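Everything on this sheet refers to the single structure shown next.
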Amino acid sequence: MEISAALATRKSIRAFSDRPVSVDIVKEILQLAARAPSGSNLQPWHVYGLMGQAREELIRRVKSKLAQLPRGESPEYHIHPPNLSDPYKSRYFRAAGLMYGAIGISRDDMAARQRHLAKNWEFYGAPVGLIFTIHRQMEPGQWADLGMYMQSAMLLARGYGLDTCAQEAWALWPKTLRECLSIPDHEMVVCGMALGHADTQAPVNGFASERVPFEEYATILDNIEPEN
Ligand SMILES: Cc1cc2nc3c(=O)[nH]c(=O)nc-3n(C[C@H](O)[C@H](O)[C@H](O)COP(=O)(O)O)c2cc1C
């Protein structure tokens, strides 16, 4: 698949079919993705691939805690800045509005929103779940490297006819993930990802996310006044 086609067709999928994905393909994606660049080639990513019973067990453990902790445990980092300002705040509301609109959940139906949030913790039905961690000593540059690894995996997945959804919602379960996957103390849970075949009929997959106009995020300079 052309890279531009992989980019153009990648979108966050939030309902998957139960069609299995072979472990060989999962390994291929996760191995090829490591060709992603990283500052000084630190390759600061770590990924846990969950399939079959391992995936089931993680989902079961989270589900058993949901009644007491409907919004998860305390994350180990701020998933969003504490006082998210505009234009980011508005984009956040707009994205949420589009998604909940696609599945007919109104803004004030908190119970339905909560049920939808909890679907994250079933990997939206995908047969493969990925959990990404990073060493605690790492700084923003290395978090960016991890993001490049994740995006590489998402684009490679398209080449295999697979879909994905990055899931920071998994960062809400650091304790449970640590226990269940035997994650060492020096690693921090950053993000999860669902990987599988999209359920093409599901309404939640039936909307397109927006992007702000080019001029809002890009500054092209071709003439700077020389300093006197
Ligand atoms: C790092 C990261 C974390 C995300 N976490 C979640 C998540 O927890 N749950 C979810 O449904 N979508 C999640 N998303 C998907 C974003 O909402 C989505 O990328 C954005 O709205 C743009 O839509 P698109 O991916 O379809 O282009 C995440 C995306 C990224 C890059």
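All residue numbers refer to positions in the sequence shown, counting from 1. Everything numeric here is computed off the predicted structure, so don't read it as measured data. In listed order, ligands and their atoms are each counted from 1.
Of the residues listed (E187, E73, E76), the one engaging R178 in a salt bridge (Lys or Arg N to Asp or Glu O under 4.0 Å) is E76, and it is the only one.
Distance from atom 18 (C) of ligand 1 to its nearest protein heavy atom, with residue and atom name: S12 OG, 3.4 Å. What sits closest to atom 9 (N) of ligand 1 on the protein, heavy atoms only, is N120 OD1, 2.9 Å. Of the protein's non-hydrogen atoms, the one nearest atom 8 (O) of ligand 1 is A169 N, 2.9 Å. Protein heavy atom closest to atom 1 (C) of ligand 1, with residue, atom name and distance, is C191 SG, 4.0 Å.
Here SG of C180 is found 12.5 Å from CZ of R55. Values are rounded to the nearest 0.5 Å.
Nearest to atom 28 (C) of ligand 1 by heavy atom, out of S209, A95, A166, C165, is A166. When K11, R14, E168 are ranked by how near their heavy atoms come to atom 17 (O) of ligand 1, first place goes to R14.
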Task: Trace of the ring-ring contact (aromatic ring centres under 6.0 Å, His included) decision for H197 with F16 - done: CA-CA 6 Å; H197 294 273; F16 289 81; 8.9 Å; no
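At a heavy-atom cutoff of 4.0 Å, ligand 1 is contacted by the side chain of R211 but not by its backbone. Residue contacts with ligand 1, taken as heavy atom pairs separated by less than 4.0 Å, do not involve M99 at all. Using a 4.0 Å cut-off between heavy atoms, Y124 contacts ligand 1 through its side chain alone, with no backbone atom that close.
Under the 3.5 Å distance criterion, the side-chain polar atoms of D145 are matched with a main-chain donor or acceptor of G39.
Applying the 6.0 Å contact sphere to OH of Y92 captures no more than 12 heavy atoms from other residues, nucleotides or ligands. Within 6.0 Å of NZ in K65 there are more than 12 heavy atoms belonging to other residues, nucleotides or ligands. Within a 6.0 Å sphere centred on CD of E2, other residues, nucleotides and ligands contribute 12 heavy atoms or fewer.
Between W173 and W121, the ring-plane angle classifies as perpendicular under the 30° and 60° cut-offs.
For atom 20 (C) of ligand 1, no protein heavy-atom neighbour is present inside the 4.0 Å cut-off.
Using a 4.0 Å heavy-atom cutoff, R10 is listed among the residues neighbouring ligand 1.
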